[in-house]
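What follows is one structure encoded as structure tokens, with my remarks underneath.
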Amino acid sequence: MSDKERSYRNTALLGLSSVINILLSVVRNKVFSLYLAPAGIGQFGLLNDFINSVHSIGTLGVANSGVQAVSKASSAGHDEVKRVYNSLVKIFTGLSFLLAAAVLILAPWISRMLIRDESLSWFLRVASLALVFKFRSTLQSLLITGMRQLGAVAKSNIYQGVFTTAAGIMLVIFLRDRAIPFLVLALALGAWVVTYRQSRNAMSMLPEHGDGVPVREIAPVLLLGISSVWASLMESVVTLANKSWISQYFGKDHLGYYQVAVGFTSSYIGFITSSIITNYYPNLVTKVQEGRENTNQYVNQQITISMALIMPLLFIMLTYSKLFLLVLFSRKFLAAESLLGYTVAGTFIQVVAWPIAFVFLAHRATKTYILSESIGNGSMLVLSWLAMHTGRFETIGMAYLAHYIIYLALITVLFFRFFDGDISRENRMLFLMNAAIITAIMLVKAFLPEPVAYVAGTLMVIFYLYRSREEYKFMFNTIFRR
């Protein structure tokens, strides 16, 4: 089986779990929209983003460096995996309790920083417990991923979706707005329970007892994650600043509209993210060692796969965005439609950029990665600040899109300049065609009656599928071949 066929198979496995989670999220989002106002959805998003940010920074990039360490240790035997894993557990369990205590104590100050009052203090105190569970879940996940148990990763995604949907619906129905911090806690608890269950098979392969590795041996693993930590820090600052500004300049309802518009697209491409982290990145490290030609071929292959898997969904989302908002949420959230065209376009560029950005990590080019993430996130911060002062909500969507255009241009230049990179002519043409279709659908929706826009958008989707029919024929033959 070729690398491309294997990538399609692995992505399809993760994609199947994502499809099930999408169906669950339809039910979950509908219930949330009925019981929580846009302001409640916005507060949940802000609180969840804050806890995720503290977790991302506190884990010191171990989600990437730890996977690489476990994967490398597995080639030396299960005893070595156990030693590495024990060391990571000791370090990050203690750190999780320290960070949870810090959020618990500083909750009033954090609330004032986020929304200029202390109304989030109680929410933050409850949600601080989620950090302990999220740290444990991360450690269990990196063990599964590092030992290449993709089936366990896919099952974890499904079980987490079922747990969070059931728990979330019950909490919202019985507690209404008071459920917000418990929703964040339920997400973390569900991830911990599920990854614990799925990691038992991996743990059973390891010795029952084992020492940790010395500090001097585990230090390189932590240092490797520094670039990821910086990227997480920058992204967290931008995300929280953006949502804080929206709450202050436009109100909490608009914070909910923004949460829906961004989450509308990003939540449905989770399988691409999972595939890149669990399949593409570990293999890319090997390709980098094999030389420039194999690296460029593998990067272009992943770009092709990512666009083939996600573009039809993005086109359909963009064309029928109003219907999606009515079905998945409610009429209260229709104001989010003014941002959706820009978030869809931004997500498309993001999916193309990811495979290139991971080349920097695979080369351990920490300075280059930090530079690209700093400029990319810095541009988002500046553009968002300017957008807030226009007084027009839709300019926030324009800033979101412009940031990803700047980011893609930057990492492409760095890829070509420092890593002798190359983007194939086929991918360049496919990128331009996809960008043209997104632009055309946005223009049609802006200037033509709604029924005509639906017909025009549908015809463009059909044209794209026909134009790419050979790629989809290869994809389906690969996925469904026995």
Side-chain angles (χ1 to χ4, degrees), residues 38-39 41-43 45-50 52-53 56-57 110 112-117 230-266 314 318 321 333-354 357 369-414 435 438-439 441-443 445-447:
I41 295 290
Q43 285 182 313
L46 181 61
L47 185 65
N48 195 46
D49 283 340
F50 175 76
N52 285 337
S53 298
S56 296
I57 296 167
I110 295 169
R112 289 195 300 272
M113 290 293 293
L114 292 175
I115 59 173
R116 293 185 176 178
D117 62 49
W230 178 252
S232 297
L233 176 61
M234 289 291 295
E235 186 176 349
S236 299
V237 168
V238 171
T239 299
L240 292 173
N242 216 12
K243 292 188 174 183
S244 179
W245 287 339
I246 291 171
S247 177
Q248 294 169 27
Y249 282 90
F250 295 99
K252 292 179 180 178
D253 281 349
H254 283 77
L255 178 59
Y257 304 147
Y258 179 80
Q259 176 71 27
V260 166
V262 174
F264 184 73
T265 51
S266 61
L314 291 182
L318 182 56
S321 57
F333 292 87
L334 285 179
E337 192 179 12
S338 63
L339 301 184
L340 274 175
Y342 302 110
T343 58
V344 165
T347 300
F348 153 56
I349 296 174
Q350 184 181 16
V351 166
V352 175
W354 277 340
Y369 186 74
I370 289 176
L371 173 67
S372 64
E373 294 301 312
S374 298
I375 295 177
N377 284 293
S379 69
M380 178 64 172
L381 198 64
V382 172
L383 290 168
S384 295
W385 184 82
L386 293 173
M388 301 297 167
H389 287 78
T390 65
R392 296 171 54 204
F393 186 55
E394 62 270 19
T395 58
I396 299 172
M398 297 177 189
Y400 182 88
L401 173 58
H403 144 252
Y404 277 115
I405 293 174
I406 293 171
Y407 179 66
L408 179 61
L410 173 66
I411 63 171
T412 303
V413 169
L414 294 174
I438 288 177
T439 303
I441 294 175
M442 291 176 67
L443 291 173
K445 292 187 67 177
F447 296 106

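For the single chain, residues carry numbers from 1 onward in sequence order. Worth knowing before you read on, the calculation uses all heavy atoms, side chains too, and leaves out hydrogens, waters and symmetry mates.
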As an exercise, state the distance from [atom1] of [X] to [atom2] of [Y], rounded to the nearest 0.5 Å.
X    : Y    : atom1 : atom2 : answer
H254 : Y258 : NE2   : OH    : 14.0 Å
I406 : S379 : CD1   : OG    : 4.5 Å
S247 : Q43  : OG    : CD    : 8.0 Å
N242 : I396 : CG    : CD1   : 6.5 Å
I115 : I110 : CD1   : CD1   : 12.0 Å
L318 : M442 : CG    : CE    : 7.0 Å

May I ask you to test the [X]-[Y] pair for a side-chain heavy-atom distance under 4.5 Å?
X    : Y    : value
L386 : T390 : no
K445 : S321 : yes
L381 : W245 : yes
V413 : L410 : no
Q259 : K243 : yes
N377 : V237 : no
T239 : S53  : no
L339 : V260 : no

Looking at [X] and [Y], what are the two nearest heavy atoms and their distance?
X    : Y    : answer
I349 : Y404 : CG2-O, 3.3 Å
Y407 : A353 : CE2-CB, 3.9 Å
Q248 : L114 : NE2-O, 3.8 Å
T347 : Y400 : OG1-OH, 4.3 Å
L340 : T343 : O-OG1, 3.0 Å
L383 : A402 : CD1-CB, 3.8 Å

Exercise. Are F250 and F393 close enough that their ring centres sit under 6.0 Å apart?
Worked result: yes

Exercise. Any chance the side chains of H389 and Y249 put a donor and an acceptor closer than 3.5 Å?
Worked result: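 Y249 and H389 do have a side-chain donor-acceptor pair below 3.5 Å.
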
Exercise. Among side-chain atoms of Y342 and E394, is any donor-acceptor pair under 3.5 angstrom?
Worked result: no

Exercise. Do any N or O atoms from the side chain of S338 and from the backbone of A335 form a donor-acceptor pair under 3.5 angstrom?
Worked result: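 Indeed, once roles are kept as given, a pair shorter than 3.5 Å links the two residues.
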
Exercise. If you count the non-hydrogen atoms of other residues, nucleotides and ligands that lie under 6.0 Å from CZ in R112, is the total more than 12?
Worked result: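 More than 12 heavy atoms, drawn from other residues, nucleotides or ligands, come within 6.0 Å of this atom.
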
